[in-house]
Amino acid sequence: MNKELRKAVIAGNWKMNKNPEETKALLAEVAPLVKDAACEVVACVPFIDLPAAVEAAKGTNIKIGAQNCHWEESGAFTGEIAANMLTSIGVSYVIIGHSERRTYFGETDQTVNQRIRAALDTGLSVILCVGETLEQREQGITEELVALQTKIALLGVTKEELARVIIAYEPIWAIGTGRTATSAQAGEVCRAIRSVIAALYDKQTADAFTIQYGGSMNAKNAADLLAQGDVDGGLIGGASLKAADFAEIVRAASEG
């Protein structure tokens, strides 16, 4: 991390876990453990838990995020949630393009771009996920693929709007598998993403841009991953559901 140039962000992706009562309980447990964090702390919870999470986070330094949003403001899109619905209840972040959305629910680079556009237009901050499969890594096309995902996702995003975007590099082969990219591998791809941002915008913008790592980061490996100069935080899956583990990751980001 380089906190002189950019902010560090630790975001929990709760995925499809916790009901509203459990959400309030977990946030109540996390809040005192992260109250002095020297990084931004975000909890991205299921749609049904968002009102409870927003209420539970009041008076704390925890920001609340959703895990997806649609690109239209309203309409015949059964099962979808509009970005303006999220902001109307106090949500400030949204995850877009997670590999599970791409793999299981047909997200494409183009729909990711559309969702980002809608999120930014309503004032949300975006955590954009990019990453490769194990087969793609073994083919040696990781940087090429991640660069393509980044360029398409950010189509039409201005330099000013980019200030509300974070990229989370998530190697698909390391999500929920217990496998983790080495610190060097994570740093290498995050550095490559920063080079793409510099090419799309400029070096100053790239230097100020936050890039997270998000593939099985946990309390034990967080410090090593965050020691990489281009890793500015983490998008945390399973460990975000354990207050002590999540707090340890926040501590590592605060002290790094």
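As the structure is a prediction and not an experimental result, all values here were calculated from the model.
Taking both residues in full, the closest heavy atoms of E55 and K58 are given as OE1-NZ, 3.0 Å, listed atom of the first, atom of the second, then distance. Across all their heavy atoms, I197 and A206 have their closest contact at CG2-CA, 3.7 Å. Taking all atoms of both residues into account, the shortest heavy-atom contact from T60 to I62 is OG1-N, 3.1 Å. The two residues L86 and C69 come nearest to each other via the heavy atoms CD1-CB, 3.8 Å. A43 approaches L27 most closely through the heavy-atom pair CB-CD2, 4.0 Å.
Listed by first and then second residue, the salt bridge (charged side-chain N to carboxylate O under 4.0 Å, His left out) pairs that reach into residues 245-256 are E248-R251, R251-E255, sequence neighbours excluded.
With hydrogens and angles left out, the side-chain atoms of Q136 and T133 include a donor and acceptor closer than 3.5 Å. At a cut-off of 3.5 Å, with distance as the only test, no side-chain donor of N84 or T87 sits close to an acceptor on the other residue. Of the N and O atoms on the side chains of Q67 and H98, not one donor lies less than 3.5 Å from an acceptor on the other residue.
If you take CE on M217 and CG on D224, they are separated by 10.0 Å, rounding to the nearest 0.5 Å. Summarising the geometry, atom CZ belonging to F209 is positioned 12.0 Å from atom CG belonging to D230; distances are rounded to the nearest 0.5 Å. Interatomic distance, CD1 of I48 versus CG of N19, reported as 8.0 Å (0.5 Å rounding). Rounding to the nearest 0.5 Å gives a distance of 9.5 Å between CD1 of I81 and CG of N68. Annotation: the span from E135 atom CD to I172 atom CD1 amounts to 11.0 Å, rounded to 0.5 Å. We find the CZ-CH2 distance between F77 and W71 to be 7.0 Å, quoted to the nearest 0.5 Å.
If you chain together ILVMFWY residues whose side-chain heavy atoms come under 4.5 Å of each other, Y93 ends up grouped with V9, V42, I95, I127, I166, L235. Within the hydrophobic cluster formed by Ile, Leu, Val, Met, Phe, Trp and Tyr side chains joined at under 4.5 Å, directly or through other members, L148 is accompanied by I152. Hydrophobic side-chain contacts under 4.5 Å tie Y104 into a cluster, directly or through other members, with F105.
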Given side chain to side chain donor-acceptor pair (under 3.5 Å), test D49 with T23 step by step and report yes or no.
CA-CA 7 Å; D49 298 328; T23 293; 3.3 Å; yes

Evaluate the criterion side chain to side chain donor-acceptor pair (under 3.5 Å) for residue pair E132 and Y169; output intermediate values, then yes/no.
CA-CA 9 Å; E132 83 284 13; Y169 166 55; 3.0 Å; yes

Show the numbers, then the answer: is there a side chain to side chain contact (heavy atoms under 4.5 Å, CB included) between V45 and L50?
CA-CA 6 Å; V45 307; L50 287 170; 3.5 Å; yes

Could you give me the CA-CA distance, side-chain angles and deciding distance for S240 and W14, then say whether side chain to side chain contact (heavy atoms under 4.5 Å, CB included) is met?
CA-CA 7 Å; S240 69; W14 292 16; 3.4 Å; yes

Could you check K159 against D202 for side chain to side chain contact (heavy atoms under 4.5 Å, CB included), going step by step and ending with a plain yes or no?
CA-CA 9 Å; K159 185 191 299 189; D202 55 56; 2.6 Å; yes

Walk me through whether K242 and N218 qualify under side chain to side chain contact (heavy atoms under 4.5 Å, CB included).
CA-CA 10 Å; K242 302 173 184 176; N218 55 50; over 6 Å; no

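Legend: residues meeting side chain to side chain contact (heavy atoms under 4.5 Å, CB included) with A153, ordered by chain and number and at least two apart, are V112, I116, L128. Here A8 pairs with M1, K3, C39 under the side chain to side chain contact (heavy atoms under 4.5 Å, CB included) rule; sequence neighbours left out.
Look at R164 and E161 and you find no salt bridge, because none of the NZ, NE, NH1 or NH2 atoms lies under 4.0 Å from a carboxylate O. Taking a cutoff of 4.0 Å between a charged side-chain nitrogen and a carboxylate oxygen, K24 and E21 qualify as a salt bridge. Comment: R102 engages D109 in a salt bridge, judged by a side-chain N to carboxylate O separation of less than 4.0 angstrom.
Residue Y201 is not grouped with residue L155 when hydrophobic side chains (ILVMFWY) are merged at heavy-atom distances under 4.5 angstrom, including chains of intermediate members.
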